[in-house]
Amino acid sequence: MKIISVVGARPNFMKIAPFIRAIETHNAASAGHIEHILVHTGQHYDDRMSRAFFEALSIPEAEINLEVGSGSHAEQVGQTMIAFEKVLLEEKPDWVVVVGDVNATLACSVTAKKLHIKVCHIEAGLRSGDIRMPEEVNRLVTDRLSDLLLVPDRLSIKNLEKEGAEAESIVFVGNIMIDTLESNRAKAAALSLNDILSGNSLDGQNAVDLEKGFALVTLHRPSNVDDKNILTAIVDFLANEVTSDMPIVWPVHPRTIKQLKKFGLWDVLSSNVNVVLLHPLGYHEMLRLNMASRIVLTDSGGLQEECTVLGSPCLTLRWNTERPITLKENGGVSVLVGNNIERIKAEYANTLKETAKPNRPELWDGKTAERCVKAILEHKA
Ligand code: UD1
């Protein structure tokens, strides 16, 4: 059997690492050999957004890089499709495996199906219900086309059934990101917080004492960072209110750096001694900060999931989530606060009264990748 798996952007790397390892384990143990080729579309290309993760998670270098880089959605998807079609015609795989919900996920699943190649989607069935999110479009199209839908939780099965997916194409495997979290936890725990700050500072504020707790912030969604009024209100709240309770540590996404500078907000943050602005962090560094944080304020889906397993109280700066299993009402740690400052303030005050409550949803057990490989091998056409 020949499999091509695809990565494009940062959140894909922690999902593909355990999958590749599970293929290697399968190949070492059994008679049936799986030939595997990794394709990187090149959507994320900065060392800190890409290469650092390959190194930290021991992902073998991608055999093929499509080098699509930055651009509008249509440019990224179109260029990926054109380049990926050539790869498929040359390599003729039995399966294309895509993960998550980024532009690579959509582009490569469509290209494969047009060439009648089977598609497997790892992390299928998540739905925010918000079609204005680019990721929701990617999820809907990819799942509609996939032959094998590998879901992280039972809520996702319901979503797929509602859309008419065939029951035989859905397999509940658990959350593959948690495989990566579990196998890297000990290494992350051994890192020094001070070293993380001094090695990644963007603003030179690295003498802050984090021992008494800090707020960990990440923001990158267009809905939060592309609108001047919204981003200004969030920055005001962080810089003027949160910092009176505790320091803020904020690894800043490249899109957000651009927007903060464009809206004249960068100096407000970088001149505040209680705000530590960092480059995008490596996997272990981010995990270490999450483990030590008193509260996480984020619009990242993956971070919501990691907070659930680690127990870090989490305010999700979105109005909806495709990951409802991470919400408090479903046993998780996260509260949806959107980007309305009054709501953020109220939930922030509530959350500060809480302590860490780790939760482990069903099959988030660190063994998802082997179930993914098994599901592919057992799939009946
Ligand atoms: C993408 C994903 C999103 C994911 C996020 C994690 C889609 C639709 N979105 O969004 O789901 O949560 O990655 O990071 O696929 N840039 C750099 N260096 C890089 C990559 C990007 O400077 O290595 C800049 C780009 O020029 C662009 C901005 O960052 O201005 C955004 O990058 P882009 O790849 O378009 O999407 P993300 O917002 O990162």
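Here the structure is a predicted model, which is why all the values come from computation and not from measurement. One is the number of the first residue; the rest follow in order along the sequence.
Evaluation of the salt bridge (Lys or Arg N to Asp or Glu O under 4.0 Å) rule for R21 yields no partner, not counting sequence neighbours. Judged as a ring pair (Phe, Tyr, Trp, His ring centres under 6.0 Å), and not counting sequence neighbours, the contacts of W95 are H379. For the side chain to side chain donor-acceptor pair (under 3.5 Å) test, residues two or more places apart in sequence or in another chain that qualify with T298 are T218. The salt bridge (Lys or Arg N to Asp or Glu O under 4.0 Å) search around E63 returns none, not counting sequence neighbours. With sequence neighbours excluded, the residues forming a side-chain contact (heavy atoms from CB on, under 4.5 Å) with A239 are V268, L269, N272, listed by chain and number. Taking E329 as the reference, L327 meet the side-chain contact (heavy atoms from CB on, under 4.5 Å) condition, with sequence neighbours excluded.
A ring pair (Phe, Tyr, Trp, His ring centres under 6.0 Å) check over residues 315-352, counting only residues at least two apart or in different chains, returns the pairs F237-Y348. For residues 48-58, the set of pairs meeting the side-chain hydrogen bond (donor to acceptor under 3.5 Å, both in side chains) definition, not counting sequence neighbours, comprises H40-S50, D47-R51, R48-N200, R51-E55. Within the structure, salt bridge (Lys or Arg N to Asp or Glu O under 4.0 Å) pairs that include any residue of residues 83-101 comprise K2-E91, D101-R139 (at least two apart or interchain). For residues 233-253, the set of pairs meeting the salt bridge (Lys or Arg N to Asp or Glu O under 4.0 Å) definition, not counting sequence neighbours, comprises E241-K345. Among residue pairs with one or both ends in residues 274-289, those qualifying as side-chain hydrogen bond (donor to acceptor under 3.5 Å, both in side chains) are N184-H284; sequence neighbours excluded. Note on residues 185-199: pairs passing salt bridge (Lys or Arg N to Asp or Glu O under 4.0 Å), not counting sequence neighbours, are E182-R185.
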